[in-house]
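Data first, discussion second: the structure below is written as structure tokens.
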Amino acid sequence: MRDAALEVVRVLQNANHVAYWAGGCVRDMLLGREPHDFDIATSARPDEVAALFRKTRLVGVQFGVVLVRTFGHSLEVATFRTDHSYEDGRRPTGVTFSTPEEDARRRDFTINGMFYDPVADEVHDFVHGRSDLKTGLIRAIGAAAERFAEDHLRVLRAIKFASRFGFAIEPATWEAMKESAADLRRISPERIRMELEAMLSRPGRDVAARMLADCGAIDHLWTGSWALHSIMPRITTALGALPDSASFEQALALLLVGYQPKLAVQACRELRSSNESTDRVEWLISHQHTFDAPDALTLADLKLLMADAGFAELVAYVAALHCADARPTALVDSIRRRAEAIPQKDVAPKPLVNGDDLEQLGIAKGPIYKKVLDAVYYAQLNGELTTREAALDRAQSLARNPESGQ
Ligand code: ATP
Ligand code: MG
């Protein structure tokens, strides 16, 4: 991708255009981190860009963005521009093509506002991004209050970058964030969720949560989210105890840990989380007490949990909660040990008895089937039934007397 990004710059420069790498990739490079994508900014107009490359697609004509496909990578090439006024605090009403310096000034934070010429190996820094990068500061470009009023989402972006890099937020920027926090209500829930996802999916998630609370943003993330303030210390401790690789869902389930599962689902829906993501969060929250009394958890209970793809996440989730609540680690440790001792093939073995067998036994079809099959399978998982004969016997007697339980 780096080579592709270099090649695109070369082609543009050879055609007498100014072309640089821009924004996040310059920041990452200067931090010694591998950028995950390269954006290119150029003096060439979209039609000029399109004429220079074989495979292009206009992705944001109104913003002058062309997607160039080369060396198997897609790169965004954007014409230097100035954004017109933001009337709704969400998106600019239009753009004018302009100079590199003006293009730098429309960007959000100084560390995100630099250009790099990979051919000449030169950084072009119109916004003092380099010094803020050295000190570790998130600072709005220009007048902070205006910049957050233009686009309220920047409040969350500031927290995302601060928590990702372990940076502080410059005081005037921080004050402006506090003033704009309530305007987050006007931002689309999808965009809010995407920023939350970005900050909660990596280490530093505890720092992010604390900043969300301290600047007041947490009050405006979903209906009723202000209530999180009172349990913030518990949540941030738990977030800090999650493994680095923890998922968005594990972290969100910690934020929502005080909610009834139904209300947690409502919050996820409000954030426009996918069904799958919402289900994960709900599952974690509704199982948060599962390991409170490990001895009460039968072998079958444990296997049924282990058969769920989210089991490892649940263990880490509960361990983080126990850490926040200063509960003994022995509780979760004992579960981990018991789970490790169960061979994979025994977690979800084929049932000894199925519906056809019940039919063969002459049991009349009905809701009883599920009841009997579940009970027999549970006994099988528990190691009480090891042969098909025994399982059929059990099914027979259960069908006759469903309340017998044995
Ligand atoms: P990441 O590593 O998360 O992708 P990034 O800095 O590349 O971080 P993007 O959201 O990909 O962030 O945006 C690319 C660049 O566009 C930013 O570095 C910044 O210069 C500019 N930018 C993005 N969003 C905004 C915004 N809301 N307001 C102003 N400038 C923005
Ligand atoms: Mg990016």
Side-chain angles (χ1 to χ4, degrees), residues 1-2 5 20-42 59-60 63-65 67 73-93 95 98 100-116 123-130 132-133 138-167 173 176-177 180 183-184 186-188 190-205 208 217 248:
M1 170 122 79
R2 197 187 182 89
Y20 303 137
W21 291 351
C25 64
V26 181
R27 172 201 69 214
D28 289 346
M29 216 182 55
L30 293 174
L31 282 171
R33 295 175 170 230
E34 187 56 36
H36 62 84
D37 51 20
F38 288 82
D39 295 327
I40 290 147
T42 180
V59 282
F63 298 127
V65 181
L67 204 63
H73 295 281
S74 287
L75 295 154
E76 278 194 8
V77 180
T79 307
F80 295 129
R81 68 177 200 249
T82 311
D83 290 336
H84 292 177
S85 66
Y86 284 65
E87 274 173 9
D88 54 0
R90 291 196 291 259
R91 67 189 92 75
T93 48
V95 306
S98 64
E101 177 157 1
E102 282 176 300
D103 187 280
R105 295 198 180 285
R106 75 167 173 87
R107 293 171 186 270
D108 48 7
F109 307 111
T110 59
I111 62 164
N112 289 348
M114 291 178 280
F115 300 109
Y116 175 70
V123 175
H124 296 271
D125 179 8
F126 302 102
V127 294
H128 306 293
R130 247 180 314 192
D132 285 338
L133 206 54
I138 304 295
R139 182 199 307 269
I141 294 174
E146 281 171 30
R147 304 312 310 284
F148 289 108
E150 271 170 17
D151 179 0
H152 315 310
L153 190 74
R154 291 176 186 152
V155 173
L156 298 185
R157 285 178 59 86
I159 294 174
K160 171 176 73 178
F161 293 118
S163 62
R164 186 192 300 176
F165 301 125
F167 283 13
T173 301
M177 285 167 64
S180 267
D183 292 327
L184 282 170
R186 296 167 55 193
I187 296 290
S188 80
E190 284 89 346
R191 293 180 78 201
I192 291 190
R193 199 242 307 124
M194 281 166 67
E195 294 302 320
L196 283 181
E197 196 162 337
M199 58 182 100
L200 292 176
S201 305
R202 54 171 96 208
R205 40 175 85 79
F248 169 57

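Any value given below was found using the heavy atoms of this structure, including those in side chains, with hydrogens, waters and symmetry copies removed. Whatever order the structure lists ligands and atoms in, that order sets their numbers, starting from 1.
For the pair E102 and R105, the salt-bridge criterion is not met [side-chain N within less than 4.0 Å of a carboxylate O]. Contact check on D108 versus R154 returns no salt bridge, with no Lys/Arg side-chain nitrogen under 4.0 Å from an Asp/Glu carboxylate oxygen. A salt bridge does not link D151 with R147: every distance from a Lys NZ or Arg NE/NH1/NH2 to an Asp or Glu carboxylate oxygen is 4.0 Å or more.
Every atom of ligand 1 with a heavy atom of G23 under 4.0 Å away is listed here by number and element: 18 (O). Each of the atoms 5 (P), 6 (O), 7 (O), 18 (O) of ligand 1 lies under 4.0 Å from some heavy atom of G24.
Ring orientation note: the planes of F165 and F167 are tilted relative to one another, at an angle of 30° to 60°. In this structure, Y20 and F80 have tilted ring planes: the angle between them lies in the 30° to 60° band. Ring pair Y116/W21 is tilted by interplanar angle, where 30° to 60° counts as tilted.
Checked against a 3.5 angstrom limit, the closest N/O atoms of D151 and ligand 1 fall inside it. Residue R154 places at least one N or O, backbone or side chain, under 3.5 Å from an N or O of ligand 1.
For T173 (side chain) and A140 (main-chain N/O), a donor-acceptor pair under 3.5 Å exists by modelled atom type.
The option with the heavy atom closest to atom 3 (O) of ligand 1, from among H36, R164, K160, is R164. Of the listed options R147, H152, M114, R107, R107 places a heavy atom closest to atom 16 (O) of ligand 1. Distances from atom 17 (C) of ligand 1 to the heavy atoms of R106, R27, R157 put R157 nearest.
Heavy-atom separations between D39 and ligand 1 include at least one value shorter than 4.0 Å. Under a 4.0 angstrom heavy-atom cut-off, F161 registers as being in contact with ligand 1.
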